[in-house]
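Worksheet: the structure to be examined is printed underneath.
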Amino acid sequence: MSAEILDKIKKLRAELHEYNHEYYMLDSSSISDYDFDLKLSELIRLEGLYPEYRDENSPSQRVGGGITRHFPVETHEFRMYSLDNSYNYEDLENWEKRIIKSIEEPVEFVAELKYDGASISILYEKGKLKKAVTRGDGIRGDEITQNVRTIADIPLRLKGNYPDYFFMRGEIYLSRDRFEKINRQREEEGLEPFMNPRNTASGSLKMQDSSEVRKRGLSAVLYQFMAKEFPASTHWELLKKARSFGFKVSENHAKLCRTLEEVKRFIKYWEKERFALPFDIDGIVLKVNAIDQQLRLGYTAKSPRWAMAYKFKAEKAETQLKKVSFQVGRTGAVTPVANLMPVLLAGTRVKRASLHNEDVIKKLDLHEGDFVYVEKGGEIIPKIVGVNTEKRMRSATPVNFIKRCPKCGEILVKIEDQAIYFCPNERYCPPQVVGKMIHYVSRKALNIENLGAETIEQLYKEGLIKTIADLYDLKKENLLPLERMAEKSAQNIIEGIERSKQIPFERVLYGLGIKHVGETVAKKIVHHFSTMEAIKKASLEEFIQVGDVGEKIAKSMVDFFGMEENILLVDRLKKAGVSLEKSAGGLEKVSDVLKGKTFLFTGVLTLFSRDQAEEMVENHGGKNLSAVSKNLDYLVVGNKAGSKLQKARELGTVKILNEKEFLSLLD
C-alpha cells in the first residue's frame, strides 16, 4: 500500500512540475486551472497524510505556509560583487579600452536589461533547489529558501543535462501590475501604499510567513551561472543552457553585441522603450561574453572587471507648484502632497508628487508657487528633488506644515524625534472613522464582500454608519435609496454582513484596527486569551506574556480597551452576533498529556507550521512560551536552529527535542 501511495505522490509531483514549466516558462498550458488545482490539492492531502514522503522541492511547497522567525546568515561560496556604474558612452569606451589593453584580444559583449529588484543566489544540487540566499553585503546574506520556493518563475527541479552542483543568480522583482494591485488592496484596507516595486519586492522576501510571500506574486529572472567549472565557453551559451534547464532567463531581452556600437544601439533602444515593459529597469548590464576572458580579467576589491552597468538617468521635469494639500490616513498620520501643473514624465502625465513629511518641506525650502524639479525613479508617486530658486517670486511665502487637521480641525500632535504629525481625534475625524470601517470590511479582516471603500464612504456621508457596529443595524431598505444601488446589490451587502458573523475571532480582533496589532499578533493574542472578556480585563504585564507582543503593542491594547467607547463598541458587536471567542475547534482539548509543561519552537519546522505546533501544545494541555528561560521545559528544534538552542544548552535544564520526538509525546 505504501509503495502505491509513494508512486502516486511521485506521479503527481512530476505532472505538476511539468505543468508549471509549461505555464511559466513556455507561456502555454495543457491543463485547465481547475484541473491543476485539483491535482495540487490531492498532492497536498497525500503529503499531509504521509509526512515520511515529504520532499522539500515538491510543487506543494509553492503554496508556502511555513513561519520563519529569524533568517540564518550564510556565507556565499562565490562572492556576490557589485557592478561599476557608467552614465555616458565615454565611460563605456574607456572600459572597453582597459579590457583590450589587459587581455590584448578583441572582445564581444552580452547586453541585458538591469532589472530593478532584489538580487538572489540559488544553489542547485543534483537538479534540485537546495538553498537561496540574498545578496546581503556580498560576502554574507540571509538564507530565505522557504520564501523563494513560493516564486513560480524559479524551478524547484531542473530539466535536461544539468551540472550536479552550481549556483544560479538573478533578480526578484514585482511587475507594475502586481505592485499596483497590492497598493489598491492596501488603500482599501486603510494602509499606506508602498513607495516602489523594488523595495516592496525586497521586503516581501523577508516576510516571516511564506504563504504571504506567495500572495505578493513576485517574479524572477535568472541571469548568471556560477560554478568552479562551466558547461559552456561563453555567457551567451550559458544563458541558452540555463533556459534548457528550465530557468526563466534574460535571453529574450538580451543581445550578443560584436562591437561597442551595437551596445550603444541596444542602450538607445531601451532608453526609449523601457516604459513599455511590464516591469521596471534602471539601466543595461554589459558582460564580456567569453568565460576565459572573464576569468583572466578577474575582480577589483568590489566589482568584476568584465562587467559594467550603464545606468539610465532618472526622468526629471520642471513644473510649477500649485499648492500643498494634506491627507489624513486611517491611523491619523498627516501626509503633505504637492499639487502640480501637469507635466509629462516617464510616459505618464504627473499632477502630484510626494513630500513625505515636514522635514522634506524644510530641506527643499519650498515656497508657494515655486518652480520645482520632479523626478520619477521607480516611485509610485513622483517626488520633488529640487527647486528652481531663480524663478521664485520675491513675494512668495514659505510652505509651512499645518497646525490643525484639515478634515476635523483638531490640533495636530507631533511624535517626539520624528517628522510625523497625527490627528488625535480618532473618534470623529472623518478619514480616520471611514478608514477604520474600510479596514474592518477588508479581505484579511471580516471580508465583507460587495462592501468596498466607495460604498463605506457613501454610507458614512448619508449618516447610515458612524462605527463598524452600525453595519449590523443596516437593512436592505436603508440601502436602496442610495445612488447606483440596485436591489440585488443591496441584498448582497446585507448577506455579506450576515456572513461576517462567522468570521473567526482573531480576524475580528485584527479588524478592530488597534494600533500595531497586525494579523499575526491578533492570532497570538486570541490563542493566549481565548475570549474578548479575558482580553478586555488583561493588564500590560499579561499582554507582554504573549509571544511576539512587546511593550508597545501591549500598551496599545490596554489603551484601546481602557476607552469606554471601545468597550461599548465591542459590546454592540457581541449583541450583533459577531464571533468574540476562540472557535470551539481551537479550544477543544484532545488530552491533558502536556498539562503543566511549557514549550518553545525554534528553527525551520518541516513537519508542521509554527502555528500548528503551538495549537497542538494548547490542545494537549500545554503552554507556549516566547523565550528560553528557567520556566521552559521543552525546546523543539527544526533545521538551522540558532541562539535559542545555544541558550537552552547553556541553561542545562531545558529538554531539547526534534519534531518527531515532540510528536511522540502526543502519542
Side-chain angles (χ1 to χ4, degrees), residues 56-57 61-62 64 66-83 112-125 128-156 165-175 178-179 182 194-227 242 247-250 279-283 285 299 302-304 307 309 378 603-604 638-643:
E56 60 187 10
N57 288 303
Q61 298 304 300
R62 296 284 193 206
I67 307 293
T68 305
R69 292 282 172 252
H70 302 287
F71 296 99
V73 175
E74 292 277 342
T75 300
H76 292 295
E77 191 169 327
F78 297 94
R79 180 176 167 180
M80 293 185 75
Y81 288 86
S82 56
L83 294 177
E112 303 170 58
L113 303 186
K114 189 176 185 297
Y115 288 73
D116 200 11
S119 298
I120 195 77
S121 177
I122 309 172
L123 170 62
Y124 283 87
E125 202 169 347
K128 296 181 181 181
L129 191 156
K130 194 73 176 176
K131 188 190 300 179
V133 181
T134 62
R135 183 186 179 279
D137 62 4
I139 297 171
R140 288 172 295 274
D142 293 324
E143 195 251 291
I144 55 168
T145 311
Q146 197 162 329
N147 288 348
V148 167
R149 289 187 201 281
T150 67
I151 302 172
D153 290 341
I154 296 175
L156 302 178
Y165 186 95
F166 69 97
F167 293 85
M168 206 63 197
R169 290 181 178 171
E171 203 82 0
I172 293 173
Y173 63 94
L174 263 177
S175 68
R178 287 297 309 169
F179 179 65
I182 290 168
F194 291 129
M195 287 309 295
N196 59 60
R198 178 188 61 251
N199 292 350
T200 307
S202 182
S204 299
L205 287 174
K206 299 297 289 294
M207 293 172 76
Q208 293 181 337
D209 187 342
S210 58
S211 64
E212 291 301 313
V213 179
R214 180 184 62 84
K215 291 174 187 175
R216 288 281 169 92
L218 295 169
S219 298
V221 62
L222 288 307
Y223 50 64
Q224 191 73 36
F225 181 98
M226 293 298 295
F247 291 109
K248 178 184 172 184
V249 297
S250 54
F279 48 82
D280 288 339
I281 63 171
D282 60 353
V285 176
Y299 300 82
K302 295 182 179 178
S303 310
V604 180
N639 296 332
K640 303 188 185 304
S643 57

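Residue A118 comes nearest to L205 through the heavy atom pair CB-CD1, 3.9 Å, listed as atom of the first residue, atom of the second, then distance. Shortest non-hydrogen contact noted between A132 and T145 is N-OG1, 3.0 Å.
Note that NE2 of H76 is 9.0 Å distant from CD1 of I139, once rounded to the nearest 0.5 Å. The distance from atom CD1 of I154 to atom CE of M168, rounded to the nearest 0.5 Å, is 11.0 Å. Taking OH of Y223 as the start and NZ of K248 as the end, the distance is 13.5 Å to the nearest 0.5 Å. Interatomic distance, E171 CD to R135 CZ, rounded to the nearest 0.5 Å: 10.5 Å. To the nearest 0.5 Å, atom CG of residue D280 and atom CG of residue L113 are 12.0 Å apart. Atoms CZ and CZ, on F225 and F166 in that order, are 5.5 Å from each other to the nearest 0.5 Å.
Looking only at distances, no side-chain donor or acceptor of S202 sits under 3.5 Å from a matching main-chain atom of R198. The main-chain N or O of M207 is found under 3.5 Å from a side-chain atom of N147 such that the two form a donor-acceptor pair. Using modelled atom types, one side-chain atom of S303 and one backbone atom of S82 make a donor-acceptor pair closer than 3.5 Å.
Residues V213 and Q146 are not in side-chain contact: their nearest non-hydrogen atoms beyond the backbone lie 4.5 Å or more apart. Using a 4.5 Å cut-off on side-chain heavy atoms (C-beta onward), L83 and P304 make contact. Within the 4.5 Å cutoff, the side chain of I120 has heavy atoms near those of the I144 side chain. Using a 4.5 Å cut-off on side-chain heavy atoms (C-beta onward), Y173 and V221 make contact. Residues M226 and S121 form no side-chain contact, since every pair of their non-hydrogen atoms from C-beta on lies 4.5 Å or further apart. Under the 4.5 Å side-chain criterion, counting only non-hydrogen atoms from C-beta, T134 is not in contact with I172. Contact of the P197 side chain with the R178 side chain is not registered, since no non-hydrogen atoms from C-beta on lie closer than 4.5 Å.
Tested against K131, the residues E77, E125, E143, E74 include a single salt bridge (charged side-chain N to carboxylate O under 4.0 Å, His left out) partner, E74.
Here the two rings, on F247 and Y124, have centers that are under 6.0 Å apart.
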Is there a side chain to side chain contact (heavy atoms under 4.5 Å, CB included) between L174 and I182? Walk through the geometry before answering. CA-CA 10 Å; L174 263 177; I182 290 168; 4.0 Å; yes

Test R216 against T150 for side chain to side chain contact (heavy atoms under 4.5 Å, CB included), laying out the working first. CA-CA 10 Å; R216 288 281 169 92; T150 67; over 6 Å; no

Assess whether side chain to side chain contact (heavy atoms under 4.5 Å, CB included) is satisfied between V133 and D142, documenting all intermediate values. CA-CA 5 Å; V133 181; D142 293 324; 5.8 Å; no

Is there a side chain to side chain contact (heavy atoms under 4.5 Å, CB included) between L123 and Y165 once you walk through the steps? CA-CA 7 Å; L123 170 62; Y165 186 95; 3.7 Å; yes

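In this pair, F167 and F78 present their aromatic rings perpendicular. The plane angle is above 60°, beyond the 30 to 60° band.
Residue K215 places its NZ atom among more than 12 non-hydrogen atoms of other residues, nucleotides or ligands, all under 6.0 Å distant.
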